[in-house]
**Student:** 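Quick one: structure below, then a few questions.
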Amino acid sequence: MTSNHMVLHDPQGRIEAELPLDRETHQRLVAAVLGWNGDPGMHERDYQQIALQLNAAAHAVAGDVRRAANHLAADHPARVLAEHILEESNRRLSRALQGTVPCVQDRARLCRALYGRLDRLTDKIDGPDRIRTPDAAACDPASPGE
């Protein structure tokens, strides 16, 4: 039996960093899930599929948060907070998915929090008082080499 899967070694996450997030779709799903009042009466496997979607989105956004935080100095308050949030995210993402409303809503809240953190980090990095570290400039393909 042959496989048509290819394993890529990308320890710096450059391939993932270049893939755009489908943010609008994620945010619509988050809004729908958090708008549920009680149990909407779906099958367990439907909740599991929604949780899988949100789990994948949370992992992707966490990667973007990590890359954005790396553009700040190690002792910058926004980076310290981002690292704390990423630790909490890892803890929550390590929990097994369940086909329940609370599980799906937990993943939705996590996605919302990660997107919010990403926006605040992006504002810090791209804002008028743009903060760059030598490490971040070296990892940024758009940054000219020195």
**Student:** For the NE2 atom of His76 and the CG atom of Leu81, what is their distance to the nearest 0.5 Å?
**Tutor:** 11.0 Å

**Student:** When clusters are formed by joining ILVMFWY residues with side-chain heavy atoms under 4.5 Å apart, either directly or through shared neighbours, do Val30 and Trp36 land in the same one?
**Tutor:** yes

**Student:** Taking only residues two or more places apart in sequence or in another chain, which ones pass side chain to side chain donor-acceptor pair (under 3.5 Å) with Arg45?
**Tutor:** none

**Student:** Measure the spacing between CG of Leu34 and SG of Cys111 and express it to the nearest 0.5 Å.
**Tutor:** 9.5 Å

**Student:** Restricting to non-hydrogen atoms, name the atom on Leu72 and the atom on Arg79 that form the minimum distance, rounded to 0.1 Å.
**Tutor:** O-NH1, 2.7 Å

**Student:** Salt bridge (charged side-chain N to carboxylate O under 4.0 Å, His left out) between Arg23 and Asp64: does it pass, once the steps are laid out?
**Tutor:** CA-CA 12 Å; Arg23 184 173 182 154; Asp64 281 356; over 6 Å; no

**Student:** Under the salt bridge (charged side-chain N to carboxylate O under 4.0 Å, His left out) rule, collect the residues that match up with Asp46, sequence neighbours excluded.
**Tutor:** none

**Student:** Check side chain to side chain donor-acceptor pair (under 3.5 Å) between Gln98 and all other residues, then give those that pass, not counting sequence neighbours.
**Tutor:** none

**Student:** If you compare all heavy atoms of Leu110 against all heavy atoms of Ala58, which two are closest, and at what distance to 0.1 Å?
**Tutor:** CD2-CB, 4.1 Å

**Student:** Using the salt bridge (Lys or Arg N to Asp or Glu O under 4.0 Å) rule, collect all pairs that involve residues 98-115, keeping only residues at least two apart or in two chains.
**Tutor:** Arg92-Asp106, Arg95-Asp106

**Student:** Is the shortest side-chain heavy-atom distance between Tyr47 and Pro40 below 4.5 Å?
**Tutor:** yes

**Student:** Look up atom CD in Glu83 and atom OG in Ser89, then write down how far apart they are to the nearest 0.5 Å.
**Tutor:** 12.5 Å

**Student:** If you round to the nearest 0.5 Å, how far is CG of Leu118 from CD1 of Ile85?
**Tutor:** 11.0 Å

**Student:** If hydrophobic clusters are built by linking Ile, Leu, Val, Met, Phe, Trp and Tyr wherever their side-chain heavy atoms come under 4.5 Å apart, do Val101 and Val33 end up in the same one?
**Tutor:** yes

**Student:** Rounded to the nearest 0.5 Å, what separates atom CG in Asn70 from atom CD1 in Ile125?
**Tutor:** 9.0 Å

**Student:** Same cluster or not: are Leu54 and Leu114 linked, directly or through other Ile, Leu, Val, Met, Phe, Trp or Tyr residues, by side-chain heavy atoms under 4.5 angstrom apart?
**Tutor:** no

**Student:** Using salt bridge (charged side-chain N to carboxylate O under 4.0 Å, His left out) as the criterion, list what pairs up with Arg120, not counting sequence neighbours.
**Tutor:** none

**Student:** Membership question, hydrophobic clusters at under 4.5 Å side-chain separation (ILVMFWY): are Leu29 and Met42 in the same one?
**Tutor:** yes

**Student:** Going by heavy atoms in the side chains, are Glu44 and Gln48 under 4.5 Å from each other?
**Tutor:** yes

**Student:** Applying salt bridge (Lys or Arg N to Asp or Glu O under 4.0 Å) as the test, list every pair that has at least one member in residues 25-34; sequence neighbours left out.
**Tutor:** Glu24-Arg28

**Student:** His26 vs Tyr115 aromatic rings, parallel, tilted or perpendicular, using cut-offs 30° and 60°?
**Tutor:** tilted

